[in-house]
Undergrad: 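Would you mind keeping the following structure in view while I ask a few things?
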Amino acid sequence: MDKNYHDIPGTYVFDGTQNRAGYHLNMFCKSLDVEANRDAFRNDPDVYLDRYPMTAEQRKAIEDRDWLGMLQLGGNIYYTFKIAIFDQVSMQAVGGMMSNMTEEEFRQMMVNGGRSVEGNRSKSEGN
Amino acid sequence: MARITAGIGTSHVPAIGAAIDHDKTQEDYWKPLFDGYMPAQEYVEKNTPDVAILVYNDHASAFSLELISTFLLGVADYFPPADEGYGPRQVPGVEGHPELAWHLAESLILDEFDMAIANEMPVDHGLTVPLSITCGQPDAWPFKVIPLCVNVIQYPQPTGKRCFKLGQAIRKAVESFPEDLNVAIYGTGGMSHQLQGERAGLINADFDTAFLDDLTANVDRLVNIGHMEYLRESGSEGIEMIMWLIMRGALGEQAKEIYRHYHVPASNTGAGLIVLEAA
């Protein structure tokens, strides 16, 4: 199957490969929907994370709140964002952390019309 | 006979719901967006349907990676608002229309659209924010709702063409329901936005405007937009716009534009709204 979407810069398309790689990471995130699980994670993150058979890299990305790293290791933004909700961090703050901007810079970029598609379409074409 | 009279396309950004729920709609940041929603609310108030088929996506709320269905119909008589980590939105619960929903499920499956069927599911901001945008803050939603949930998170999402054809089949199915019902259909999500990666924050107002234009001017072009074009041009989450094509397909050959509104930004999103009527 053609995976030409890998040519789009700064974009992690959640395909079957990503789903398989990130299944336990994402299901950990999903578990935070339940208040008792949030409490358990808050009380003892190490013990709670032991419930999910993730790779060491995935576990470290979660511990470091490495939002980009989580995506690269199979995380999906709708799942990883549940950690941001847990941390009471906004989507714009997370957007900024993934693109090397402060929350305020990111918010201002959005107010000014968002990130332009010009120059952000294709790695190979550079447009 | 039941008939589909109107189609509404709208973004379903969670922050729009939060702005309504926390009385922020008149703040400088939000006012231009919400002012533009008023004519749509007036339209819905004057033309209140009996039932709305609401096409939306679940955001890892009712469903997770355990089970991913491409198209799913909610056939329950009640759908509670989901807890998305902040506690459920304080909005009315959503009353379903099981008779029409089952009629749709049966008709669509026999018409070769293999729907999944849900008897119990909470509904998240994808469904309740469009209701808030078009109905305000009533004590109860003014019409019954049939949720039609589409996978837009897991690649590959259904094609826009398949979505459009599903819309056409929905029109046919509704018209074979014996009861006299006025049915509206919502297509929600989008418009351009990307929540993830180094390209987070992408907005493409030209793409969005052309999409709104071609819902009446050139539906063929929209139906043939593929995954790559959505992902590249409208952001990884802009592909939600395929859900608008289910709505458009359900309006028949010709549709008339009654009203539109477009505003950047609503949080990280190009927020669009359009009211169409079957012509």
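Numbered from 1 within each chain, the chains take letters A, B, ... in sequence-line order.
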Undergrad: Do Tyr12(A) and Gln196(B) have side chains that approach each other closer than 4.5 Å (heavy atoms only, starting at C-beta)?
TA: yes

Undergrad: Going from CD on Glu66(B) to CG on Asn26(A), what distance comes out if it is rounded to the nearest 0.5 angstrom?
TA: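 Answer for the CD-CG pair, Glu66(B) versus Asn26(A), is 12.5 Å.
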
Undergrad: Please check: side-chain N/O of Arg121(A) versus main-chain N/O of Glu233(B), any donor-acceptor pairing under 3.5 Å?
TA: no

Undergrad: Decide yes or no for Ile203(B) and Arg115(A): does some side-chain heavy atom of the first lie under 4.5 Å from some side-chain heavy atom of the second?
TA: no

Undergrad: Has Glu84(B) got a side-chain atom pairing as donor or acceptor with Lys82(A)'s backbone, closer than 3.5 angstrom?
TA: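 Checked: no pair found.
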
Undergrad: Identify the two heavy atoms, one from Glu198(B) and one from Ser99(A), that lie closest to each other, and give their separation to 0.1 Å.
TA: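 Closest approach of Glu198(B) to Ser99(A), heavy atoms only: O-CB, 3.4 Å.
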
Undergrad: Let me see the working for Ser236(B) and Phe14(A) under side-chain contact (heavy atoms from CB on, under 4.5 Å), right down to the final yes or no.
TA: CA-CA 9 Å; Ser236(B) 51; Phe14(A) 193 66; over 6 Å; no

Undergrad: What residues of residues 85-93 of chain B sit under 4.5 Å from chain A when you count only heavy atoms?
TA: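 Residues of residues 85-93 of chain B touching chain A at under 4.5 Å: Gly85(B), Tyr86(B).
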
Undergrad: Nearest 0.5 Å, what's the CZ-OG distance between Arg232(B) and Ser122(A)?
TA: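 These two atoms lie 5.0 Å from each other.
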
Undergrad: Just wondering, more than 12 heavy atoms not from Lys31(B) lying within 6.0 Å of its NZ?
TA: no

Undergrad: Taking all heavy atoms of Ala200(B) and all of Met98(A), pick out the closest pair and write down the distance.
TA: CB-CE, 4.3 Å

Undergrad: I need the Met110(A) CE to Tyr29(B) OH distance, nearest 0.5 Å.
TA: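 The distance works out to 7.5 Å.
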
Undergrad: Tell me the closest heavy-atom pair linking His59(B) and Tyr78(A), and the distance in Å.
TA: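 Of all heavy-atom pairs spanning His59(B) and Tyr78(A), the closest is CD2-CE2, 3.5 Å.
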
Undergrad: In Å, rounded to the nearest 0.5 Å, how long is the span from CG of Leu65(B) to CZ of Arg20(A)?
TA: 14.0 Å

Undergrad: For chain B, find which of Asp7(A), Asn76(A), Asn19(A) contributes the most heavy-atom pairs closer than 4.5 angstrom.
TA: Asn19(A)

Undergrad: Heavy-atom cut-off 4.5 Å, strictly under: side chain, backbone, both or neither for Ala205(B) against chain A?
TA: neither

Undergrad: In terms of heavy-atom pairs under 4.5 Å with chain B, which of Met27(A), Glu118(A), Met109(A) leads?
TA: Met27(A)

Undergrad: Looking at Leu202(B), Asp83(B), Ile68(B), Asn204(B), which makes the most heavy-atom pairs under 4.5 Å with chain A?
TA: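 That would be Leu202(B).
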
Undergrad: A quick test of your reading: do over 12 heavy atoms of other residues, nucleotides or ligands sit less than 6.0 Å from CD of Glu120(B)?
TA: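 Result for CD/Glu120(B): open.
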
Undergrad: To the nearest 0.5 Å, tell me how far Ile8(A) CD1 sits from Arg199(B) CZ.
TA: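 The CZ atom of Arg199(B) is 5.5 Å from CD1 of Ile8(A), to the nearest 0.5 Å.
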
Undergrad: Check whether Gln18(A) gets within reach of chain B through its side chain, its backbone, both or neither, counting any heavy atom under 4.5 Å.
TA: neither

Undergrad: Does atom CD (Glu63(A)) have a neighbourhood of more than 12 heavy atoms from anything else shown, all under 6.0 Å?
TA: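 Yes, enclosed.
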
Undergrad: Does any backbone or side-chain atom of Tyr230(B) lie under 4.5 Å from a heavy atom of chain A? Answer side chain, backbone, both or neither.
TA: neither

Undergrad: Nearest 0.5 Å, what's the CE-OG1 distance between Met91(A) and Thr269(B)?
TA: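 So the CE of Met91(A) and the OG1 of Thr269(B) are separated by 8.5 Å.
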
Undergrad: Looking at Pro14(B), Ser234(B), Pro265(B), which one has more heavy-atom pairs under 4.5 Å with chain A than the rest?
TA: Pro265(B)

